[in-house]
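Position 1 is the first residue of the sequence; numbering continues from there.
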Amino acid sequence: MAGICAFGREKGYGWWLWVILGADTVIYLLDSSRSHEVPEAHFGPQASGVLEVDRYSGYKAMAQVKSGLIVLAFCWAHVRRDFVEWARVGQN
């Protein structure tokens, strides 16, 4: 699972905290970029498995995802937002 959050934006400097969870490990990566290159570099070119992510489109640009080594599993809480929006629009 990978997640990111922003902080330090008020002064014009942006940093992203990437949180990567494993079975028995938590890794925190602090980076000035939200680019797909951050998790891509962390996991390495031969990484494989399922990566649970939010709806950030940058994950789709990862080389491991494009090659099929990593499959993206989108967080249900984030995907739910689409259904709530569709229901709202459908009522109008």
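With contacts defined as side-chain heavy-atom distances shorter than 4.5 Å, the pair P39/W18 qualifies. Proximity of Y28 to L17: side-chain heavy atoms (C-beta onward) are separated by under 4.5 Å at one or more points. The shortest side-chain heavy-atom distance between Y59 and D54 falls under the 4.5 Å cut-off. Two residues are said to be in side-chain contact when any heavy atoms from C-beta on lie closer than 4.5 Å; L51 and V71 fail this criterion. L29 places a side-chain heavy atom less than 4.5 Å from the side chain of I20. Within the 4.5 Å cutoff, side-chain heavy atoms of D82 are placed close to those of R55. Side chains of V19 and V26 form a contact here, defined as non-hydrogen atoms less than 4.5 Å apart. Side-chain contact check for V53 versus F74: some heavy-atom pair is nearer than 4.5 Å.
Between P45 and L69, the shortest heavy-atom contact is O-CD1, 3.5 Å.
Between S35 atom OG and E40 atom CD the span is 7.5 Å, to the nearest 0.5 Å. Here M62 contributes atom CE and I70 contributes atom CD1; the two are 4.0 Å apart, rounded to the nearest 0.5 Å. Atom CG of residue D31 and atom CD of residue E37 lie 9.5 Å apart, to the nearest 0.5 angstrom. In this structure, CH2 on W16 lies 9.5 Å from OG on S33, to the nearest 0.5 angstrom.
Environment of CD in E85: crowded, with over 12 heavy atoms of neighbouring residues, nucleotides or ligands closer than 6.0 Å.
Residue V84 is not grouped with residue V89 when hydrophobic side chains (ILVMFWY) are merged at heavy-atom distances under 4.5 angstrom, including chains of intermediate members.
At distances below 3.5 Å, at least one donor-acceptor pair connects side-chain atoms of S67 with backbone N or O atoms of Q64.
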